[in-house]
Student: 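Quick one: this structure, given as structure tokens, is what I'll be asking you about.
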There are 2 protein chains.
Amino acid sequence: MKIDPTNPADLSAQIAKAIRDAIISGALPVDKRLPSEAELAEQFAVSRPTVREALKRLAAQSLIRTQRGATGGAFVNRLKFEDAYGQQITTSIMLLSMNDVSFATACEARYALERACAPLSTQRRSADHLATMRAEIHRQGQPGLTDEAFCASDVAFHRALVDAAGNPVLSYQLAGAVEGMQPLMNMITFTARSRETIIALHTALADAVEARDSTKADENLVSLAQYSQQLAQEVIAKRNAARAAK
Amino acid sequence: MKIDPTNPADLSAQIAKAIRDAIISGALPVDKRLPSEAELAEQFAVSRPTVREALKRLAAQSLIRTQRGATGGAFVNRLKFEDAYGQQITTSIMLLSMNDVSFATACEARYALERACAPLSTQRRSADHLATMRAEIHRQGQPGLTDEAFCASDVAFHRALVDAAGNPVLSYQLAGAVEGMQPLMNMITFTARSRETIIALHTALADAVEARDSTKADENLVSLAQYSQQLAQEVIAKRNAARAAK
DNA sequence: AGACGTTTAATTGTCTGACAAATGAAAATT
DNA sequence: AATTTTCATTTGTCAGACAATTAAACGTCT
């Protein structure tokens with residue numbers, strides 16, 4: 001683990017990279033304690049604040065955790081799927097909001113990935129996953145539900161579908177695609193009529209999953225994708241009409 | 001943007017969260033200059049090193065960039081897909097290596113997602129993407145190629161297939177699944193015979209993409225998935241045999 | 001001897017003050 | 001008017017200090 005001392009700028013970034021590479025290469029195994037900040041400062045020939053900035057960079061990526069006290073220090077953190085979900089969702093939201101990604105593009109990606117999950121989900125779904133899906137469908141039918149709550153329930157429904165595949169790697173990858181779309185979905189106003197249509201499709205999808213019928217599940221996902229695109233187009237059309245009227 | 005002053009620990013994490021939330025909510029738009037470190041220190045009633053640690057956390061996530069000089073400072077960064085790729089891949093590699101994810105689970109996820117891309121790729125593939133795929137196939141056939149280089153070319157081939165779908169969101173999500181598997185793939189020793197088989201499947205896949213035949217492309221992906229699983233099982237079987245012999 | 005409270009050393013978290021380096025704007029000079 | 005110089009601002013880094021936390025070492029009492 002060495003840094004380039006000739007470039008006296010970005011020292012903390014260089015140190016963070018050196019430690020990160022050591023973790024990736026396996027030289028620093030999980031739960032291994034790093035040297036203390038004072039020792040690291042001496043090793044890299046920098047001051048303690050600089051070392052601390054480097055450690056905070058790593059902590060932001062959940063690569064290390066720190067503990068105070070006599071036997072404390074910085075430890076290589078076992079990256080949990082749970083922690084990675086959060087980062088993945090944040091990054092997805094940022095990407096979609098900052099890069100003018102169209103609803104159509106994001107929606108296409110989301111449903112393409114979900115359709116990839118569906119055959120596995122229909123095979124492996126447990127009673128638990130199915131119950132979650134049914135519960136969310138029931139929630140979606142309740143009167144007085146705000147659009148945001150309806151969207152959140154929609155996300156939970158689809159998360160259950162994805163998790164039913166029983167593959168944590170798939171769940172992780174899909175978390176970004178499904179949850180990252182929520183801000184875009186929130187632009188849509190769900191009328192009572194459109195909610196009915198979505199709930200009907202969700203029910204049919206849940207039925208297909210219960211019957212372990214992957215063909216029907218796929219058909220329903222295609223219908224959901226098409227209907228989502230249609231709703232978004234209506235929103236855009238209305239907005240354009242309002243703009244033209246001005 | 002406020003923090004809880006009653007808890008005098010994790011101040012930098014709290015400040016980072018406050019700023020991150022402001023960025024996500026849109027209160028701080030892209031390219032907006034944050035207050036200077038001295039001003040932030042005053043606003044949050046903390047010292048400058050604490051503010052700096054918070055900013056480094058955000059920089060580690062590519063949420064801000066900093067610039068020295070008179071008109072410098074920290075600016076909200078437009079998160080590029082390119083930047084997000086790198087983080088995605090690093091996180092995926094960590095997740096797979098630290099959580100005892102089996103080759104079978106990772107492989108299943110990867111090919112499920114790739115099959116989701118394939119129909120779009122066959123529809124939209126450009127001559128450019130096809131040329132990249134052909135070039136990587138050619139590289140894979142060269143004698144004297146190390147296993148690592150063969151794997152890297154395999155990844156490049158599949159990246160081209162994914163990018164051919166013309167959906168940056170899909171490419172981003174798939175980057176983790178495809179490139180994150182590389183360390184696992186590197187465990188496999190590719191004999192001349194197994195390379196031949198893989199190259200034949202790649203060629204058939206490229207042919208299907210060229211002919212815009214999504215059914216054939218899907219069949220070849222399924223075959224590739226099965227063959228990858230078979231190779232991995234052989235490696236595991238050999239390893240177990242060696243262990244039993246001891 | 002064993003259980004329990006106390007001290008102590010190590011470590012992170014934070015603060016203060018300082019200087020160096022970069023950089024654009026303003027001022028001075030040609 | 002163009003160029004050079006100066007200057008103010010801001011980040012990057014450093015040194016030293018103290019507070020808070022924590023577990024181990026130590027001492028004391030039963």
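Below, chains carry the letters A, B, ... as their sequence lines are ordered, and counting in each starts from 1.
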Student: Does A:Thr66 place a side-chain N or O at less than 4.0 Å from the phosphate oxygens OP1/OP2 of C:dG13?
Tutor: yes
Student: With a 4.5 Å heavy-atom cut-off, do B:Gln88 and A:Thr91 have their side chains touching?
Tutor: no
Student: Whether B:Glu108 and A:Arg124 form a salt bridge (side-chain N of Lys/Arg under 4.0 Å from carboxylate O of Asp/Glu) is what I want to check.
Tutor: yes
Student: With heavy atoms under 4.0 Å as the rule, sort A:Arg65 into base, sugar-phosphate or nothing.
Tutor: nothing
Student: If you round to the nearest 0.5 Å, how far is CG of B:Leu113 from CD of B:Gln173?
Tutor: 8.5 Å
Student: Sequence neighbours left out, what pairs pass side-chain hydrogen bond (donor to acceptor under 3.5 Å, both in side chains) with at least one residue falling in residues 97-106 of chain A?
Tutor: A:Ser102-A:Thr105
Student: For B:Asp10 and A:Lys56: C-alpha separation, side-chain torsions, deciding distance, then whether salt bridge (charged side-chain N to carboxylate O under 4.0 Å, His left out) applies.
Tutor: CA-CA 11 Å; B:Asp10 293 327; A:Lys56 294 312 168 197; over 6 Å; no
Student: Does atom CZ of A:Arg139 have more than 12 heavy-atom neighbours, drawn from other residues, nucleotides or ligands, at distances under 6.0 Å?
Tutor: no
Student: Could you tell me whether the phosphate oxygens of D:dT13, OP1 or OP2, come under 4.0 Å of any side-chain nitrogen or oxygen in B:Arg48?
Tutor: no
Student: Do any of residues 51-62 of chain A sit with a heavy atom less than 4.0 Å from DNA chain D, and if so which?
Tutor: none
Student: Looking at B:Ser36, I'd like to know whether one of its side-chain N or O atoms comes within less than 4.0 Å of OP1 or OP2 on D:dT9.
Tutor: no
Student: Using atom names, set out every protein N or O paired with an N or O of nucleotides 22-24 of chain D below 3.5 Å, distance rounded to 0.1 Å.
Tutor:
from, atom 1, to, atom 2, distance (Å)
D:dT22, O2, A:Ala70, N, 2.9

